[in-house]
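Presented below is the structure to which this report refers.
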Amino acid sequence: MSTGTMKKSHSQWSSRMGFMLAAAGSAVGLGNIWKFPYMAGEMGGSAFVLTYLLFMFLIGLPILVLEWLIGRRGQKNPIHTMEDVAVSEGRSKLWKWVGIIGVLGSFLILSFYSVIGGWATDYIFLAIKGTFNGVDGAGTGQIFSNFLGNVNSLLIWHTVFMAANTLIVALGVGAGLERSCKVMMPGLGILLLVLVGYAAYVSGPSFGEAFNFLFTPNLSALNGTAILAALGHAFFSLSLGMGIMMAYGSYLGKDVNLLSTARTVVILDVIVAMLSGMAIFPLVFANGLEAGSGPGLIFVTLPIAFGNMAGGTILGCLFFIFLTFAALTSSISLLEPTVELLEEKTHMGRKTATVVSSILIWALGIACILSFNEWSNVKLFDKNIFDLLDYLTSKIMLPVTGLGTVVFGAWMMNQKRIREELNLNEFWFSIWTVLSRFIVPIAVILILIYGFI
């Protein structure tokens with residue numbers, strides 16, 4: 001046992017289904033509903049989508065399995081898990097830095113993720129009030145600009161969103177994380193199907209246009225930028241490199257089949273991303289809007305469609321409820337690694353550790369809020385605080401943690417034991433070895449290089 005870890009009983013998931021829904025909930029978030037559609041729009045639709053699907057299984061799945069496997073071995077927070085597993089394998093304690101960067105990454109990400117979660121929550125009420133009725137692009141752009149300039153409003157919704165995270169995570173692994181995802185994930189599925197059905201009903205021929213845009217192979221749009229963007233998003237989409245899946249793995253029993261569970265989580269994540277595209281793009285095309293409108297697709301472009309269609313108020317309200325729930329299933333997982341660390345490293349109980357972690361993250365989130373208004377001129381490397389944290393985490397810290405995880409798992413750990421744990425025959429283990437030792441590390445290095453250039 002690491003000398004710095006308090007000796008406390010470690011929680012466990014009550015069932016494989018509960019764990020699977022929690023892991024899928026972590027993966028299903030703003031990355032699927034906000035980031036995936038606008039990246040697909042910018043990168044030519046199907047060229048990006050089909051490449052992303054390939055990378056989810058070839059690159060994302062092996063790293064996901066290794067994070068769970070290492071977490072299950074260590075049965076502690078990501079930092080002490082990496083340290084203890086490294087020592088048990090006869091390796092240096094310095095491998096704990098993989099865990100340190102991962103936990104720090106999830107801490108920093110939640111500070112600005114909560115701000116965006118607050119945007120989604122506020123937009124529910126904007127939709128209910130009919131704010132988007134009859135507006136054009138200039139109008140929705142002004143609504144969003146005014147919103148970003150209103151410090152009090154941003155602070156209120158950031159606080160509300162963080163408070164929801166605190167309440168859920170403070171209840172613990174079973175009563176909090178697991179139970180909330182058992183409710184929210186089926187709810188998300190129902191909402192998403194309603195949104196897709198509604199989009200098909202009101203968009204007419206544009207639904208087929210959206211389907212072709214996303215799934216009909218278009219090799220002419222396939223270029224290096226689209227490939228590397230798809231590779232990076234597959235990594236981000238599964239909550240890899242953030243300490244989350246290692247923390248979730250630490251609550252796992254030996255009876256859970258890691259490969260089959262990971263396959264299910266990847267499939268669920270992919271389905272949500274694809275259906276999100278089919279809920280959004282028919283409305284975009286039916287209203288003559290720009291698919292490649294970038295990060296503003298959800299908060300600027302889509303409200304134009306909601307404001308100029310029959311039943312748009314109801315659809316807009318449902319969409320932003322869906323977006324908020326999806327953000328929440330991910331954000332609770334982002335809070336967990338820090339809470340687990342404080343709970344095990346200090347004398348704090350679960351509730352105290354959650355409140356302390358949340359307050360620290362909330363405070364950093366205020367700096368992100370101010371970067372849109374009062375501190376908009378405060379820049380480092382030509383980026384405001386919000387953009388700098390986004391770049392530092394998604395482009396550097398996550399790939400570094402992912403690379404460390406896969407190199408440690410594939411090269412530093414006893415491979416015979418891994419083969420037994422994954423229950424693979426000789427043929428499939430040889431495939432696993434090639435993927436984990438060569439293809440995945442090279443892919444993650446490419447993500448790092450792409451982030452820098």
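Residue W119 is tested with W157, F161, F299 for a ring pair (Phe, Tyr, Trp, His ring centres under 6.0 Å); the sole match is F299. When each of F112, Y113, W375, Y391 is paired with F386, the ring pair (Phe, Tyr, Trp, His ring centres under 6.0 Å) condition holds for F112 and for no other.
Using cut-offs of 30° and 60° for the angle between ring planes, the Y123 and F147 rings count as perpendicular. Between F306 and F319, the two ring planes are tilted [angle within 30° to 60°]. The aromatic rings of W362 and H158 lie parallel to each other, with less than 30° between the two planes, well short of the 60° mark.
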Stepwise salt bridge (charged side-chain N to carboxylate O under 4.0 Å, His left out) check, E336 with R350: CA-CA 10 Å; E336 181 60 28; R350 176 79 182 188; 2.5 Å; yes
CA sep, side-chain torsions, deciding dist, call: T354, T166, side chain to side chain donor-acceptor pair (under 3.5 Å): CA-CA 6 Å; T354 305; T166 306; over 6 Å; no
Evaluation steps, side-chain contact (heavy atoms from CB on, under 4.5 Å), between L398 and L240: CA-CA 7 Å; L398 268 59; L240 303 176; over 6 Å; no
Evaluation steps, side chain to side chain donor-acceptor pair (under 3.5 Å), between Y52 and S237: CA-CA 10 Å; Y52 160 77; S237 180; 3.3 Å; yes
Full working for side chain to side chain donor-acceptor pair (under 3.5 Å) between Q75 and T81: CA-CA 7 Å; Q75 293 285 301; T81 278; over 6 Å; no
Worked check of side chain to side chain donor-acceptor pair (under 3.5 Å) between T433 and Q415: CA-CA 9 Å; T433 301; Q415 297 303 295; 5.2 Å; no
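In this structure, the separation between OG on S358 and CG on L110 is 7.5 Å, given to the nearest 0.5 Å. Note that the CG atom of L64 and the OG1 atom of T261 stand 9.5 Å from one another [nearest 0.5 Å]. Atom CG of L69 is separated from atom CG of L259 by 9.5 Å, given to the nearest 0.5 angstrom. Interatomic distance, L228 CG to I449 CD1, rounded to the nearest 0.5 Å: 9.0 Å. F320 contributes atom CZ, which lies 9.5 Å from atom CG of L315 (distance to the nearest 0.5 angstrom). One finds the CD1 atom of I101 at 8.5 Å from the CG atom of L104 (value rounded to the nearest 0.5 Å).
Panel note: side chain S330, backbone V28; a donor-acceptor pair is recorded below 3.5 Å. Judged purely by atom type and a 3.5 angstrom limit, T393 uses its side chain to pair as donor or acceptor with the backbone of D390.
Side chains of S14 and E178: a donor-acceptor N/O pair is present below 3.5 angstrom, by distance only. In the model, T338 has no side-chain atom that pairs as donor or acceptor with a side-chain atom of S357 under 3.5 Å. A donor-acceptor contact under 3.5 angstrom links the side chains of N32 and D269, judged on distance only.
By the 6.0 Å and 45° rule, R419 does not stack over the aromatic ring of W432.
Residues A127 and G316 approach most closely at CB-C, 3.8 Å, considering heavy atoms. Residue W411 comes nearest to R91 through the heavy atom pair O-NH2, 3.9 Å, listed as atom of the first residue, atom of the second, then distance. Closest approach of G41 and F281 over heavy atoms only: N-CZ, 3.9 Å.
Counting non-hydrogen atoms of neighbouring residues, nucleotides and ligands closer than 6.0 angstrom, the CZ atom of R437 exceeds 12 such neighbours.
Ion pairing between E421 and R72 holds under the 4.0 Å rule for side-chain N and carboxylate O. Salt-bridge annotation for E344 and K76: absent, with no side-chain N of the basic residue lying under 4.0 Å from a carboxylate O of the acidic one.
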